[in-house]
Engineer: 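Could you have a look at this structure, given as structure tokens, before my questions?
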Amino acid sequence: MADAKPVLTDYRDGILQITLNRPERLNAFNEETHRYLRAALTQAQENAEVRAVLMTGAGRAFCAGQDLSDRDIRAGGEAPDLGHTLETLYNPLVRQIRELRLPVICAVNGVAAGAGANIALACDIVLAAHSAKFIQAFSKIGLVPDSGGTWFLPRLIGEARAKALAMTAEPVSAETAASWGMIWKSVPDADLMKEASVLAEQLANGATAGLALTKQLIQQASQQPLDAHLDSERDAQRTAGNTNDYREGVTSFLEKRPAKFNGS
Ligand code: T3D
């Protein structure tokens with residue numbers, strides 16, 4: 001029988017794999033899914049053994065966004081407060097992914113629609129199966145792109161494409177998404193999890209304190225002028241230079257052997 005938990009976690013060799021697990025609803029989000037996913041991400045941050053996160057979806061979809069059957073939209077009824085949902089569920093989730101001091105890889109195994117698309121884009125490195133597609137489905141139901149969509153999209157693919165995707169809800173294939181720079185890579189369906197796992201392994205065995213600083217710097221870059229950003233790089237490099245992994249990196253280079261990083 002299928003596991004009933006809406007989010008599954010599997011820890012192996014420094015990698016926490018997090019799988020959205022409501023395949024019969026294309027892994028759409030309900031409140032329980034949010035709760036489990038946030039707990040899994042907290043577990044990743046708090047367990048020092050976890051050095052990379054790999055997110056994916058069970059079944060044929062990555063995630064179809066908000067579970068629309070959870071919304072009471074009967075005529076004459078009170079409108080649901082979607083601002084509250086964003087404030088309490090989606091926004092904290094996006095913030096948690098962006099603030100996680102670990103690389104977060106997203107393996108988009110199938111359709112990613114609505115908030116499901118934008119949560120994928122919030123991750124650090126996105127790989128998608130050739131058959132996957134990204135849909136800014138919001139305009140079809142009278143909503144605006146959320147979960148950072150109106151922030152991520154113009155930065156990743158420019159305003160022209162961002163506006164067109166948001167207003168038309170036209171699906172974007174994984175290959176187009178990769179060619180536009182919306183995601184890192186599109187790979188054959190059969191290779192997706194293998195490629196994503198190899199990448200997760202590479203990062204988990206890397207100098208993860210430095211990777212966390214790199215993530216932070218790149219995310220900060222669009223929010224400050226170059227002059228201030230150079231100062232941020234100086235401070236981050238000072239911190240990186242104090243890590244054991246920096247010493248190990250240089251030592252292993254000089255000794256002509258592979259580095260053995262431990263994330264400290
Ligand atoms: O409400 C708030 O809190 C505000 C926040 C909003 C964030 C958002 O994400 S709003 C956007 C919500 N998502 C959507 O509008 C997408 C809705 N889904 C679709 O457009 C399509 O399902 C897909 C394009 C994703 C996939 O199409 P297809 O043809 O491959 O599958 P399907 O047949 O439409 O779906 C399969 C089943 O999943 C189906 O159930 P059934 O008929 O087999 O019992 C369908 O109802 C269910 N499903 C798919 N998406 C959702 C869903 N059930 C509930 N909520 C969904 N979002």
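On a predicted model such as this, the values are computed, not experimentally measured, just so you know.
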Engineer: Would you say Trp151 ends up clustered with Phe138 if hydrophobic residues are merged whenever their side chains have heavy atoms under 4.5 Å apart, either directly or through other cluster members?
Structural biologist: no
Engineer: Start with the C-alpha distance between Arg257 and Glu248, add both sets of side-chain angles, then the distance that settles salt bridge (charged side-chain N to carboxylate O under 4.0 Å, His left out), and finish with yes or no.
Structural biologist: CA-CA 10 Å; Arg257 60 168 175 80; Glu248 166 60 9; 2.8 Å; yes
Engineer: Working to the nearest 0.5 Å, report the span between OG1 of Thr214 and CD of Glu233.
Structural biologist: 9.5 Å
Engineer: For Leu102 and Ala44, which heavy atoms make the closest approach, and how far apart are they?
Structural biologist: CD1-O, 3.5 Å
Engineer: Run the side-chain contact (heavy atoms from CB on, under 4.5 Å) check on Arg71 and Ile141 step by step: do they pass?
Structural biologist: CA-CA 12 Å; Arg71 294 285 169 260; Ile141 54 169; over 6 Å; no
Engineer: Just do the side-chain contact (heavy atoms from CB on, under 4.5 Å) check on Thr208 and Arg101 with the steps written out, would you?
Structural biologist: CA-CA 8 Å; Thr208 37; Arg101 293 184 302 281; over 6 Å; no
Engineer: For Arg51 and Pro103, which heavy atoms make the closest approach, and how far apart are they?
Structural biologist: O-CD, 3.4 Å
Engineer: Taking all non-hydrogen atoms of both residues, which atom of Ala61 and which atom of Asn27 are closest, and how far apart?
Structural biologist: O-ND2, 3.0 Å
Engineer: Can a salt bridge be assigned to the pair Glu99 and Arg95 using a cut-off of 4.0 Å between side-chain N and carboxylate O?
Structural biologist: no
Engineer: Determine the sole option in Leu89, Leu93, Asp67, Asp70 for which the side-chain contact (heavy atoms from CB on, under 4.5 Å) test with Phe29 is passed.
Structural biologist: Leu93
Engineer: Let me confirm one number: the CD-CG distance from Gln237 to Leu230, rounded to the nearest 0.5 Å.
Structural biologist: 12.0 Å
Engineer: Would you say Asn21 and Thr19 are linked by a side-chain donor-acceptor pair, where the criterion is simply a distance under 3.5 Å?
Structural biologist: no
Engineer: For the residue pair Ala132 and Asn109, what are the closest heavy atoms and their distance?
Structural biologist: CB-C, 4.4 Å
Engineer: Enter the distance from Asn262:CG to Asn205:CG here, rounded to the nearest 0.5 Å.
Structural biologist: 11.0 Å
Engineer: Would a 4.5 Å heavy-atom cut-off, applied to side chains only, mark Asp10 and Leu8 as touching?
Structural biologist: no
Engineer: Same hydrophobic cluster for Met182 and Val126, using side-chain heavy-atom links shorter than 4.5 Å among ILVMFWY?
Structural biologist: yes
Engineer: Go through Leu165 and Trp180 one step at a time and tell me if the side-chain contact (heavy atoms from CB on, under 4.5 Å) criterion holds.
Structural biologist: CA-CA 12 Å; Leu165 291 188; Trp180 284 358; 3.9 Å; yes
Engineer: How far does CG of Asn118 sit from CG of Leu153, to the nearest 0.5 angstrom?
Structural biologist: 5.5 Å
Engineer: Once you round to the nearest 0.5 Å, how far does CD of Gln223 lie from OG of Ser232?
Structural biologist: 10.5 Å
Engineer: Is it the case that one hydrophobic cluster holds both Ile15 and Leu203, taking links as side-chain heavy atoms less than 4.5 Å apart, direct or via other members?
Structural biologist: yes
Engineer: Side chains of Arg25 and Asn30: does their closest heavy-atom pair fall under 4.5 Å?
Structural biologist: no
Engineer: How about Gln17 and Thr56: do any of their side-chain heavy atoms sit closer than 4.5 Å?
Structural biologist: yes
Engineer: Begin from the C-alpha positions of Val144 and Thr150 and carry the test side-chain contact (heavy atoms from CB on, under 4.5 Å) through to its verdict.
Structural biologist: CA-CA 8 Å; Val144 303; Thr150 56; 5.6 Å; no
Engineer: Is it possible for you to say whether Met193 and Val108 belong to one hydrophobic cluster, with membership spreading through side-chain heavy-atom contacts below 4.5 Å?
Structural biologist: no
Engineer: Of all the heavy-atom pairs spanning Phe152 and Ser147, show the shortest one and how long it is.
Structural biologist: CE1-O, 3.6 Å
Engineer: With the side chain counted from C-beta on, respond yes when Ile125 and Lys185 share a heavy-atom pair under 4.5 Å apart, and no when they do not.
Structural biologist: no
Engineer: Would you check if there is a donor-acceptor pair between the side chains of Asn242 and Thr239 at a distance under 3.5 Å?
Structural biologist: no
Engineer: Atom CD in Gln202, atom CD1 in Ile105: separation rounded to 0.5 Å?
Structural biologist: 8.5 Å
Engineer: If I compare all heavy atoms of Gly57 with all of Phe62, which pair ends up nearest, and what's the gap?
Structural biologist: N-CD1, 3.8 Å
Engineer: Taking NZ, NE, NH1 and NH2 as the nitrogens, is one of them in Asp191 or Lys194 under 4.0 Å from a carboxylate oxygen of the other?
Structural biologist: no
Engineer: Please check if Leu127 and Val172 belong to a single hydrophobic cluster, counting links between Ile, Leu, Val, Met, Phe, Trp and Tyr side chain heavy atoms closer than 4.5 Å.
Structural biologist: no
Engineer: Does a donor on one side chain sit under 3.5 Å from an acceptor on the other, for Thr42 and Gln96?
Structural biologist: yes
